[in-house]
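In what follows, a single structure is set out as structure tokens and then discussed.
Values below: every heavy atom of this structure, side chains too, minus hydrogens, waters and symmetry copies. Reminder, nothing fancy here: chain letters follow the sequence lines and each chain counts from 1.
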Number of protein chains: 2
Amino acid sequence: MKSKFHSIYQHLIRDIHEGRYMPGDTLPSEHELTTQFEASRETIRKALKQLSEHGYIQKIQGKGSVVLDVQRLDFPVSGVTSFQELNQKLGMNASTAVVAFNELKATAEQAHAFQLPEEENLLEIARVRMIDGERIILDKDWFPKALVPGLTADICAGSIYAYIENTLELTISFAKKEIVVDVATEEDVELLDVEPGSHIVVVHSLTYLEDATLLQITESRHRPDRFRFVEFARRHKA
Amino acid sequence: MKSKFHSIYQHLIRDIHEGRYMPGDTLPSEHELTTQFEASRETIRKALKQLSEHGYIQKIQGKGSVVLDVQRLDFPVSGVTSFQELNQKLGMNASTAVVAFNELKATAEQAHAFQLPEEENLLEIARVRMIDGERIILDKDWFPKALVPGLTADICAGSIYAYIENTLELTISFAKKEIVVDVATEEDVELLDVEPGSHIVVVHSLTYLEDATLLQITESRHRPDRFRFVEFARRHKA
DNA sequence: CAGTGGTCTAGACCACGGG
DNA sequence: CCGTGGTCTAGACCACTGT
């Protein structure tokens, strides 16, 4: 992204993070920002719109753009973010073990979800995430094999997202997620540090590319005492 | 909202829900929509932007706006939505019992969160949500008393949000949420149909008005087997 | 009243996709 | 090549907030 409004957006985020604008302050008016960034007002407004959507500011008509307290939000499990990205950002003492890497035929249900001909080949990957020496998360992923050529078990031990976005140059665009609580399966007990009969938090995700093709189905199974999900949401009236 | 782009947005949503555009179809081009709605292209684009953010369409450069399959998303626990609104929308067989309605002094922590002088009066409300005859959810809310004049236990048995938005004419704007899993307290065991020692899904929320003042702190405690949270999220690269 | 954000317009140029 | 969406502009008018 090298668009003008996106640069302005990032510039203002940096200003907020570095404390040049504190929570409760109002940003300079849109008119002032047009001269500061040498941009038209609509361009400024696009940048402010994004800041507002991401929880950085609240726009108040007649007053200005008030900076919100973003401190309590800095654990962005919400949105579309990979475990490795979180690991780096938060400096978690984490590691990944690949426990399965199989090629198999799609089931009827999977073929339908991926809009592929039945019996198309899928990659099935299972990974255990360890944090501070404990096995906390079991991630199970399915990809259409044709979409991720060259993907190896070694790559899966690092960041699949980095491989997809940087090496394959695919653009991940959006995801649908569902969080439910399930009872631990035998597999959970075997692979994670959980007791039989314990609850497991299950995050199902469907991840899509920018042309709206389904790239990935994920089932992420979390030990409940280490699960945390944070969201910023705006209200949309009916 | 009676803005032009919002009417167009709603018009297109209705078209999608009523099947005039099916998943996989492309909407008419932005140029065509300008003549159809007698609006400028930027106005059309504002409407399409919202459709995109809410998961209705995916815009693809050079091609058009593709309609997504919105069927799997129609359980919007994500966003800022009240229990009563969900109840109505989904036709749940649900009821609410108010189990506490107290006026008390704010703790230091609460006073700080609400940015009120210490010892300001708060309302503390606890409600049990029953679905199909089972006590599933315990909601505990705190409001600054001054912000919700006239709120009674009777109103709390219905929709507090409806009272706030329709009667008090306040506008709820955004919320920060956190989902964690806790072990059932004695209070949970007493008020909900759960076993001692069971897990409880806890949703902490901070709800804000459009001038960014904190209106409400909520702790919503869910029986795990009936908890479900669905989200649509777009990826924002670092 | 002046200053703020909210909406809308008409036109321009660019980047991408597909024939 | 044309049609698509992506960005940017300059200017206009309105609605709201505060003095």
Could you state the atom-to-atom distance from [atom1] of [X] to [atom2] of [N] in whole Å?
X	N	atom1	atom2	value
Tyr9(A)	dT7(D)	OH	P	14 Å
Leu51(A)	dG5(C)	CG	P	13 Å
Glu210(A)	dG5(D)	CD	P	15 Å
Glu30(B)	dT7(D)	CD	P	11 Å
Ile8(B)	dC8(C)	CD1	C1'	10 Å
Lys49(A)	dC8(D)	NZ	P	15 Å
Arg45(A)	dC8(C)	CZ	P	11 Å
Ile44(B)	dG5(D)	CD1	P	11 Å

What pairs with [X] under ring pair (Phe, Tyr, Trp, His ring centres under 6.0 Å), at least two apart in sequence or on another chain?
X	answer
His112(A)	none
His31(A)	none
Tyr208(B)	Phe174(B)

Ring centre gap for His222(B) and Phe229(B) strictly below 6.0 Å | no
Any chance the rings of Phe5(B) and His11(B) have centres within less than 6.0 Å?
-> no
Options [options], nucleotide nearest the side-chain atoms of [X]:
X	options	answer
Ser3(B)	dG6(D), dG6(C), dC8(C)	dC8(C)
Glu32(A)	dC8(D), dG5(D), dT4(C)	dT4(C)
Lys46(A)	dG5(C), dT7(C), dT7(D)	dT7(D)

Residue list, side chain to side chain contact (heavy atoms under 4.5 Å, CB included) with Glu109(A), at least two apart or on another chain | Thr107(A)
Any side-chain N or O of [X] less than 4.0 Å from the OP1 or OP2 oxygen of [N]?
X	N	value
Ser29(B)	dT4(D)	yes
Lys4(B)	dT9(C)	yes
Thr43(A)	dT7(D)	no

All pairs passing side chain to side chain donor-acceptor pair (under 3.5 Å) where residues 142-156 of chain A contributes a residue, at least two apart | Glu124(A)-Trp142(A)
Heavy-atom nearest nucleotide on DNA chain D taken for Glu38(A) and for Leu27(B); more 5' hit belongs to Leu27(B)
Looking at dC8(D), does its base get a donor-acceptor pair with the side chain of Glu42(B) below 3.5 Å?
-> yes
Could you go over nucleotides 12-14 of chain C and give all protein N or O partners under 3.5 Å, atom names and distances?
residue	atom	partner	partner atom	Å
dA12(C)	N6	Arg41(B)	NH1	3.4

Could I get the full list of salt bridge (charged side-chain N to carboxylate O under 4.0 Å, His left out) partners for Lys105(B), not counting sequence neighbours?
-> none
By salt bridge (charged side-chain N to carboxylate O under 4.0 Å, His left out) - contacts of Lys4(A) (at least two apart) = none
Any luck finding a side-chain donor-acceptor pair between Arg234(A) and Ser52(A) under 3.5 Å?
-> yes
Using a cutoff of under 3.5 Å, can you pull out all pairs of nitrogen or oxygen atoms linking the protein to nucleotides 15-19 of chain C, with atom names and distances?
residue	atom	partner	partner atom	Å
dC16(C)	O4'	Gln61(B)	OE1	2.8

